[in-house]
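These numbers come from a predicted model, not from an experiment. First listed ligand is number 1; within each ligand, the first listed atom is number 1.
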Amino acid sequence: MQITVLSGGVGGARFVRGLLLALRQRRSAAGVDGVSGGAESAPDTVTVIGNTGDDITIFGLRVCPDLDSLLYTLGGGVDEDQGWGRAADTHELMGELGALGVQPQWFGLGDKDLATHVARSLWLGQGLSLSQVTARLASRWGLPDQGVVLLPVTDTPIETHVVIGGDDGQERAIHFQEWWVKERAAVLAHRFTVAGLGQATPAPGVLEAIRGADVVVLPPSNPVVSIGIILGVPGVRDALRGARAPIIGVSPLIGGHPVRGHADACLAPLGVEVSAAGVAGLYDDFLRGWLVDDADASASYPAGVTVRHLDLLMRDLDGAARIAGAALDLAEQLR
Ligand code: FO1
């Protein structure tokens with residue numbers, strides 16, 4: 001199977017890790033070798049299209065938080081408690097920069113994590129595209145061995161900015177990370193803008209991965225600042241509308257609350273109801289199947305979308321595999 005996933009950071013990465021387990025379980029139940037496939041069966045390929053709107057340049061280094069959460073989680077190197085950054089990292093460099101008075105200090109970069117940003121920035125500076133750089137990093141983390149191809153949604157630098165009200169009553173835009181991390185999304189967002197989006201083109205392989213997929217999955221990532229940014233790259237939404245594969249989404253909201261992150265603060269400026277039904281409405285021009293939590297079973301969903309309910313809390317890897325398996329089952333029924 002060719003499975004294409006549109007992903008943000010932490011939630012998307014944990015979902016993809018569960019998806020890989022679900023695929024291994026299915027292949028083993030079917031008596032087929034898990035990773036490489038047997039002669040009688042081609043291996044599964046999971047292409048992950050990652051959001052790059054969260055990207056930021058700090059200390060002259062290009063940081064791609066969602067791509068890195070995917071790399072570290074799938075590669076077994078993530079800080080499991082945070083869901084981002086490296087496990088058992090130290091913060092010597094940030095400490096020294098702080099002692100020198102270098103700002104910002106609100107964005108915590110561990111020493112091992114910084115190696116990724118140094119390498120990425122070096123390679124970008126040498127003329128490699130973000131896709132090429134991401135492929136190198138993916139090899140370091142063993143993604144190809146797992147049948148995973150990680151693509152940034154675009155090689156064009158894009159950055160999500162949040163328009164907020166200033167103390168003087170004038171609006172001003174701040175970088176998404178400043179709003180998300182420094183302000184904890186507690187400052188009212190008036191709207192989101194994405195610098196560079198108008199000129200952005202899908203990275204090589206992105207549209208092909210959508211058009212050629214057997215199933216496209218939207219994991220429980222933020223519908224506005226993760227999935228919404230991917231959908232905003234010219235050509236991506238049209239490719240989804242024209243996809244031959246069923247497109248299955250997993251609600252990031254349970255009982256009207258985000259499982260993690262600040263999806264509620266992101267939906268409010270759009271005037272979208274903070275609910276599984278509200279999020280489904282954002283995708284109703286291409287969505288075929290929608291997984292919601294048992295708590296949201298009785299809501300009314302867009303016509304033409306097949307809804308299934310289950311326990312959607314991804315407590316651990318097995319839970320993520322169970323949810324990913326339900327997405328594959330629903331795709332099978334809709335194919
Ligand atoms: N999230 C935080 O809450 N605080 C941080 O200091 C922080 C630093 C950071 C550094 C690298 C990285 O890849 C991610 C980092 N994150 C941090 C997570 C990130 O801000 C967000 O969770 C995502 O961008 C939203 O998907």
Q: Applying salt bridge (Lys or Arg N to Asp or Glu O under 4.0 Å), which residue pairs with at least one partner in residues 88-101 are found, sequence neighbours left out?
A: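 Applying salt bridge (Lys or Arg N to Asp or Glu O under 4.0 Å) to every pair that reaches into residues 88-101, excluding sequence neighbours, yields nothing.
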Q: For atom 4 (N) of ligand 1, find the nearest protein heavy atom and state the residue, atom name and distance (0.1 Å precision).
A: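 That would be Val181 CG1, 3.3 Å.
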Q: Between the side chain of Asp66 and the main-chain N/O of Gly50, is any donor-acceptor distance below 3.5 Å?
A: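 Checked: no pair found.
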Q: Would you mind telling me if ligand 1 is within reach of the side chain of Asp66, the backbone, both or neither, using heavy atoms under 4.0 Å?
A: side chain
Q: What do you reckon, does Asp54 have a nitrogen or oxygen under 3.5 Å from a nitrogen or oxygen of ligand 1?
A: yes
Q: Going by the atom numbers of ligand 1, which of them fall below 4.0 Å from some non-hydrogen atom of Trp106?
A: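 The atoms of ligand 1 under 4.0 Å from a heavy atom of Trp106 are 6 (O).
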Q: For Gly108, counting its heavy atoms only, list the atoms of ligand 1 lying under 4.0 Å from any of them.
A: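 Counting from 1, the qualifying ligand atoms are 5 (C), 6 (O), 8 (C), 9 (C), 10 (C).
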Q: Is the shortest side-chain N to carboxylate O distance from Asp68 to Arg120 below 4.0 Å?
A: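 Salt bridge between Asp68 and Arg120, a charged N being under 4.0 Å from a carboxylate O: yes.
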Q: For atom 2 (C) of ligand 1, which candidate among Trp84, Phe176, Phe107, Tyr72 holds the nearest heavy atom?
A: Trp84
Q: Please enumerate all residues that pass side-chain hydrogen bond (donor to acceptor under 3.5 Å, both in side chains) together with Asp311, with sequence neighbours excluded.
A: Arg315
Q: Indicate if Val149 and Trp141 have the same hydrophobic cluster label, given that clusters are the connected sets of ILVMFWY residues with side-chain heavy-atom separations under 4.5 angstrom.
A: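 Cluster IDs for Val149 and Trp141 differ.
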Q: Run the salt-bridge test on Asp285 and Arg237 with the 4.0 Å N-O cut-off and return the result as yes or no.
A: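 Yes.
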Q: Using non-hydrogen atoms of the residue, decide whether Arg184 is closer than 4.0 angstrom to ligand 1.
A: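 Flag set, Arg184 near ligand 1.
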Q: Could you list the atoms of ligand 1 found under 4.0 angstrom from a heavy atom of Leu109?
A: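 Answer, ordered by atom number: 10 (C), 11 (C).
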Q: Considering only heavy atoms of Asp113, which atoms of ligand 1 have at least one such atom less than 4.0 Å away?
A: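 Counting from 1, the qualifying ligand atoms are 11 (C).
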Q: Can you tell me which residue and heavy atom of the protein come closest to atom 22 (O) of ligand 1, and the distance to 0.1 Å?
A: Trp180 NE1, 3.5 Å
Q: Taking atom CZ of Arg172 as the centre, report whether more than 12 heavy atoms of other residues, nucleotides or ligands fall under 6.0 Å from it.
A: no
Q: Within the side chain of Asp55, is there an N or O that forms a donor-acceptor pair under 3.5 Å with the backbone of Arg62?
A: no
Q: By number and element, which atoms of ligand 1 are closer than 4.0 Å to a non-hydrogen atom of Gln177?
A: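 Counting from 1, the qualifying ligand atoms are 19 (C), 20 (O), 24 (O).
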Q: Quick one: look up the protein heavy atom nearest atom 12 (C) of ligand 1 and list residue, atom name and how far away it is.
A: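 It is Pro65 CB, 3.9 Å.
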